[in-house]
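Written below as structure tokens is the structure these notes are about.
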Amino acid sequence: MSIRVRFAPSPTGNVHIGNIRAAIFNWLFARHLGGAFLLRVEDTDRERSTPEAIRTLLDVMAWLGLTYDEAPVYQSAQRARHLAAAEELVRQGHAFRENKEGKGECIVFRMPKEGKVEYHDLVKGPIRKKAEDTQDFVIVRSDGNPVFHLANVLDDIDMRITHIIRGDDHVENTFKHIQIFRAMGVEPPQYAHLPMIVNAMGKPYSKRDGAAFVGEFRDQGFLPEALFNFLALLGWAPGEDREMLTRDEMVAAFTLDRCKSSAARFDIKKLTWMNGEYIRHLPLALFAAEFETRVRAGGWWRDELPVAERVGIMALVQPRTKFFAEIPGNCAYFFHEEYPFDAKSLEKRLHGPGVPELLEAVVAHFATLPVFDHAATEAALRAMGDERGVGLGGMVHPVRVAVSGLSDGPGLFELLVLLGRERVANRLLRVATRLRAGSL
RNA sequence: GCGCCUAUCGUCUAUCGGUUAGGACAUAGGGUUUUCAUCCCUAGAAGCGGGGUUCGACUCCCCGUAGGCGCGCCA
């Protein structure tokens, strides 16, 4: 029998990393075994399941490359089938009508009263409980709508799902679901319950945690490959101490028996590191597209900048970018002469005595260089530093802040060469003037 | 309260009875460097407690403890 798994989220407008992690594991499982990965949109909650919410869900899946093999199933469209099945369950004595709490007639599913219910979880192993610890439960509300348990199981039957991989907040539901499968005369699928992802405090995510939605990571400039890789490693490990994995490698290595069953904490620092690794290895064209988007959004972009210079800028920026949201804030000086100055750097490197004279001396010295390249600029500043007894650092720091407004960034000499002798001279002179005038 | 599940460095994890308990992130120190990032080296850092089983337990069992989940006419 061919493997068929599904991701069955209810669209709420935001896709939580815990949910998408379940989707990733399902996808990996299906791809590893050559099975089918399906999407079922559990949109029975009409208030939250708006078209925009569904759009967001589909966007996020596409962004992460979670491709599905058949058209998505919309649960709301199956309502009639769910109700008909409930009637059949009543007819066969697996369920009964009841008027609970005076709300009108609902349909209740009968759970076994003796013996035990058990199943073998592919991640957690055998799970069992005594039948007396289970309770009958409503499958059709008195307003005539099917309840989650019923709809979920019937859809899984219709979609011929063979393995259900989901968060372990569902382990208890599984006892109910298995009974519905049996009552429907269908052999229950295999179950695998994944550990939950918890926040930095080790607590379950709540609304106040923020930053737990996939969309927020995308906005911050995390790459889908990095988020996918990182999330795959929460509760699963391929062994052999491997962590940076391509999608193909993950597919090849993924098995449920290598999944852990204890909760995993979401460590944004490690994700950030991993994202930096992915960004460093990004082909220039891809980096360039994201770079331009971010710089435009920051309002610094200039179309007239020569392509060669853009490429030069990116070559300096790409290696030290951890996530794209950092970008407009640390690149202004590449594009504009009106770049902002970091207050601390200004205070520390430019507000000392003699700085204007120093900067002017640098300009004078630079003007004498036969060529304005890395070696020449470095030699020039080194010589001046020695001459003044301040060392190379004593020259580099003020020049860096004067020319960029910041105290960290690319290597200074690469930066100077990129900006060119003219622009460097203009900036240094202008800063010297403003310092004297006290306007900086 | 009842039921189910879980428990290795600060974090993510490896280990499927015998290891100096390994790796990564983070942290600290060092090397390279003008800063940041990168790169290289080094260091510290773990089996929740108690009983068993066994020649031998992180690993298997039991009891505690702690945490999570469930106990809706939510999904």
Side-chain angles (χ1 to χ4, degrees), chain A residues 8-12 42-45 48-49 75 98-101 103-108 121 123-125 127-130 132-135 137-149 151-152 167-176 193 195-198 200 202-204 230 233-244 257-258 260-274 276-277 279-280 316-322 326 330 345 349 377-378 381-382 385 391-401 404 406-415:
Chain A
S10 59
T12 59
E42 304 212 332
D43 58 345
T44 49
D45 183 338
R48 293 192 297 170
S49 300
Q75 187 164 68
E98 188 179 63
N99 191 342
K100 294 168 87 178
E101 305 167 25
K103 291 181 187 171
E105 206 165 63
C106 61
I107 298 179
V108 179
D121 192 288
V123 169
K124 290 175 179 293
I127 295 181
R128 63 178 67 93
K129 83 193 291 179
K130 294 192 286 275
E132 64 192 71
D133 291 324
T134 66
Q135 289 182 326
F137 58 97
V138 173
I139 52 176
V140 177
R141 296 188 192 88
S142 49
D143 66 3
N145 285 313
V147 166
F148 163 71
H149 303 295
N152 190 267
D168 71 9
D169 48 338
H170 282 293
V171 294
E172 299 284 337
N173 291 334
T174 305
F175 294 112
K176 295 175 182 169
H193 286 99
M196 304 301 279
I197 295 179
V198 296
K203 296 291 180 187
F230 178 75
L233 259 19
L234 253 31
W236 173 75
E240 300 168 13
D241 293 336
R242 293 189 299 157
E243 294 203 309
M244 293 290 297
D257 61 9
R258 292 201 62 87
K260 286 214 350 164
S261 60
S262 53
R265 211 172 284 219
F266 187 91
D267 181 6
I268 186 69
K269 287 213 183 99
K270 186 157 185 176
L271 202 214
T272 303
W273 162 77
M274 188 172 274
E277 292 288 307
I279 288 180
R280 268 194 288 289
L316 296 184
V317 175
Q318 181 171 3
R320 63 203 83 224
T321 301
K322 298 275 199 194
E326 296 175 307
N330 60 9
S345 307
R349 304 296 186 189
T377 51
E378 176 170 357
L381 291 193
R382 213 174 270 283
L392 182 55
M395 299 302 298
V396 161
H397 295 305
V399 171
R400 168 188 295 287
V401 176
S404 73
L406 302 171
S407 44
D408 43 53
L412 180 63
F413 308 114
E414 285 85 1
L415 182 51

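Letters A, B, ... are given to chains in the order of the sequence lines, protein chains preceding strands, and every chain is numbered from 1. Remember, it's a predicted structure, so these values are computed and weren't measured experimentally.
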Query - Most 5' of A:Ile127 and A:Leu392 on RNA chain B, judged by nearest nucleotide - result: A:Ile127

Report summary line: For B:rC69, the nucleotide meeting Watson-Crick or G-U wobble distances (both under 3.5 Å) is B:rG3

Report task. Carefully, step by step, assess A:His149 and A:Asn173 under the rule side-chain contact (heavy atoms from CB on, under 4.5 Å). Result -> CA-CA 8 Å; A:His149 303 295; A:Asn173 291 334; 3.3 Å; yes

Can you give me the N/O atom pairs linking the protein to nucleotides 64-66 of chain B at distances under 3.5 Å, or say none if there are none?
none

**Report entry** Check: A:Ala200 main-chain N/O paired with A:Arg265 side-chain donor or acceptor under 3.5 Å
**Finding:** yes

**Report entry** Atom-pair distance (CE on A:Met274; P on B:rU13), nearest Å
**Finding:** 12 Å

Report task. Report the distance from atom NZ of A:Lys260 to atom C1' of B:rA7, rounded to the nearest whole Å. Result -> 8 Å

**Report entry** Euclidean distance for P, B:rU54 against B:rC61 (whole angstrom)
**Finding:** 16 Å

Requested in this report: Could you work out the separation of B:rU20 and B:rG47 based on their C1' atoms and round it to a whole Å?
Outcome: 16 Å

Requested in this report: Tell me which nucleotide among B:rC12, B:rC36, B:rU34 gets nearest to the side chain of A:Ala264.
Outcome: B:rC12

Look for any protein N or O under 3.5 Å of an N or O in nucleotides 21-26 of chain B and output each such pair with its distance, or none.
{"from": "B:rG22", "atom 1": "N2", "to": "A:Asp241", "atom 2": "OD1", "distance (Å)": "3.0"}
{"from": "B:rG23", "atom 1": "O4'", "to": "A:Asp241", "atom 2": "OD2", "distance (Å)": "3.3"}
{"from": "B:rG23", "atom 1": "N2", "to": "A:Glu243", "atom 2": "OE2", "distance (Å)": "3.1"}
{"from": "B:rA24", "atom 1": "O4'", "to": "A:Glu243", "atom 2": "OE1", "distance (Å)": "3.2"}
{"from": "B:rA24", "atom 1": "O2'", "to": "A:Glu243", "atom 2": "OE1", "distance (Å)": "2.5"}
{"from": "B:rA24", "atom 1": "N3", "to": "A:Lys270", "atom 2": "NZ", "distance (Å)": "3.0"}
{"from": "B:rC25", "atom 1": "O2'", "to": "A:Lys270", "atom 2": "N", "distance (Å)": "3.3"}

Query raised in the report: Can you list the steps and then say if A:Lys270 with A:Glu243 is a side-chain contact (heavy atoms from CB on, under 4.5 Å)?
Result: CA-CA 11 Å; A:Lys270 186 157 185 176; A:Glu243 294 203 309; 2.9 Å; yes

Report task. Please identify each residue that fulfils side-chain hydrogen bond (donor to acceptor under 3.5 Å, both in side chains) with A:Lys129, with sequence neighbours left out. Result -> A:Glu172

**Report entry** Given B:rA14, B:rG3, B:rA7, the nucleotide with the shortest approach to the side chain of A:Asp133
**Finding:** B:rG3

**Report entry** Pairwise P distance for B:rC40 and B:rC25, with rounding to whole Å
**Finding:** 10 Å

Query raised in the report: In whole angstroms, how far is the C1' atom of B:rU13 from the CG atom of A:Leu234?
Result: 10 Å

Requested in this report: Indicate for each nucleotide in nucleotides 68-75 of chain B, in 5' to 3' sequence, whether protein heavy atoms under 4.0 Å reach the base (B), only the sugar-phosphate (S), or nothing (-).
Outcome: SSSS-BSB

Query - Worked verdict on A:Asp168 versus A:Met196 for side-chain contact (heavy atoms from CB on, under 4.5 Å) - result: CA-CA 7 Å; A:Asp168 71 9; A:Met196 304 301 279; 3.2 Å; yes

Query raised in the report: What integer number of Å spans the P atoms of B:rU42 and B:rG50?
Result: 35 Å

**Report entry** Main-chain N/O of A:Pro319 paired with A:Arg280 side-chain donor or acceptor, under 3.5 Å
**Finding:** yes

Query raised in the report: Quick one: is B:rU34 close enough that its OP1 or OP2 comes under 4.0 Å of any side-chain N or O from A:Arg382?
Result: yes

Report summary line: dist A:Lys176:NZ -> A:Thr134:OG1 (nearest 0.5 Å) comes out at 9.0 Å

Query - Pairing nucleotide - B:rA21, Watson-Crick or G-U, each distance under 3.5 Å - result: none

Report task. Round to the nearest Å and state the distance from A:Arg258 atom CZ to B:rC12 atom P. Result -> 17 Å

Query raised in the report: B:rU59 and B:rC16: how far apart are their C1' atoms, nearest whole angstrom?
Result: 8 Å

Report task. Take atom CD of A:Gln318 and atom C1' of B:rC36, then tell me their distance rounded to the nearest Å. Result -> 16 Å

Requested in this report: For residues A:His193 and A:Thr174, determine if any side-chain heavy atom of one lies less than 4.5 Å from a side-chain heavy atom of the other.
Outcome: yes

Requested in this report: Indicate yes or no: at least one non-hydrogen side-chain atom of A:Ile279 is less than 4.5 angstrom from one of A:Gln318.
Outcome: yes

Report task. For B:rA46 and B:rU11, measure between their P atoms and round to the nearest Å. Result -> 12 Å

Query - A:Arg242/A:Glu240 ion pair, N-O < 4.0 Å - result: yes

Query raised in the report: With no hydrogens and no angle check, is any side-chain donor or acceptor of A:Arg258 less than 3.5 Å from a backbone partner on A:Ala237?
Result: yes

Query raised in the report: Quick one: A:Arg400 CZ to B:rU34 P, roughly how many Å, whole number?
Result: 11 Å

Report task. Rounded to the nearest angstrom, tell me the gap between atom CG in A:Leu316 and atom P in B:rC36. Result -> 17 Å

**Report entry** Touch class at under 4.0 angstrom, heavy-atom based, for A:Gly239 against every strand present
**Finding:** nothing

Query raised in the report: Hey, does A:Leu233 reach any base, or is it just sugar-phosphate, or nothing, if we go heavy atoms under 4.0 Å?
Result: sugar-phosphate

Report summary line: If pairing means Watson-Crick or G-U wobble with both distances under 3.5 Å, then the partner of B:rU38 is none

Query raised in the report: Under a 3.5 Å cut-off for both distances, is B:rC16 Watson-Crick or wobble paired, and to whom?
Result: none

Report task. Using the P atom as the reference point in each nucleotide, state the distance between B:rA14 and B:rC55 in Å, no decimals. Result -> 30 Å

Query raised in the report: At under 4.0 Å between heavy atoms, what does A:Arg265 touch on the DNA or RNA strands: base, sugar-phosphate, or nothing?
Result: sugar-phosphate

Query raised in the report: A:Phe413 near the nucleic acid: base, sugar-phosphate alone, or nothing, with a heavy-atom cut-off under 4.0 Å?
Result: base

Query raised in the report: Which whole number of Å gives the distance between the P atom of B:rA43 and that of B:rG49?
Result: 26 Å

Query raised in the report: Taking a pair as Watson-Crick or G-U wobble with both distances under 3.5 Å, which nucleotide is matched to B:rA26?
Result: none

Query raised in the report: Across the strands shown, which category fits A:Arg349 at heavy-atom distances under 4.0 angstrom: base, sugar-phosphate, nothing?
Result: nothing

Requested in this report: Return the set of residues passing ring pair (Phe, Tyr, Trp, His ring centres under 6.0 Å) with A:Phe413 (not counting sequence neighbours), or none when no residue passes.
Outcome: A:His374

Query - Distance, rounded to the nearest Å, where A:Phe175 contributes CZ and B:rC2 contributes P - result: 18 Å

Report task. Give none if B:rG47 has no partner; otherwise give the nucleotide forming a Watson-Crick or G-U wobble pair with it, both distances under 3.5 Å. Result -> none

Query - From CA spacing to verdict: side-chain contact (heavy atoms from CB on, under 4.5 Å), A:Asp408, A:Arg320 - result: CA-CA 11 Å; A:Asp408 43 53; A:Arg320 63 203 83 224; over 6 Å; no

Query raised in the report: Does A:Glu42 have any side-chain contact (heavy atoms from CB on, under 4.5 Å) partners at least two apart in sequence or in another chain, and if so, which?
Result: A:Ala8, A:Ser10, A:Arg40, A:Gln75, A:Phe148, A:Asn152

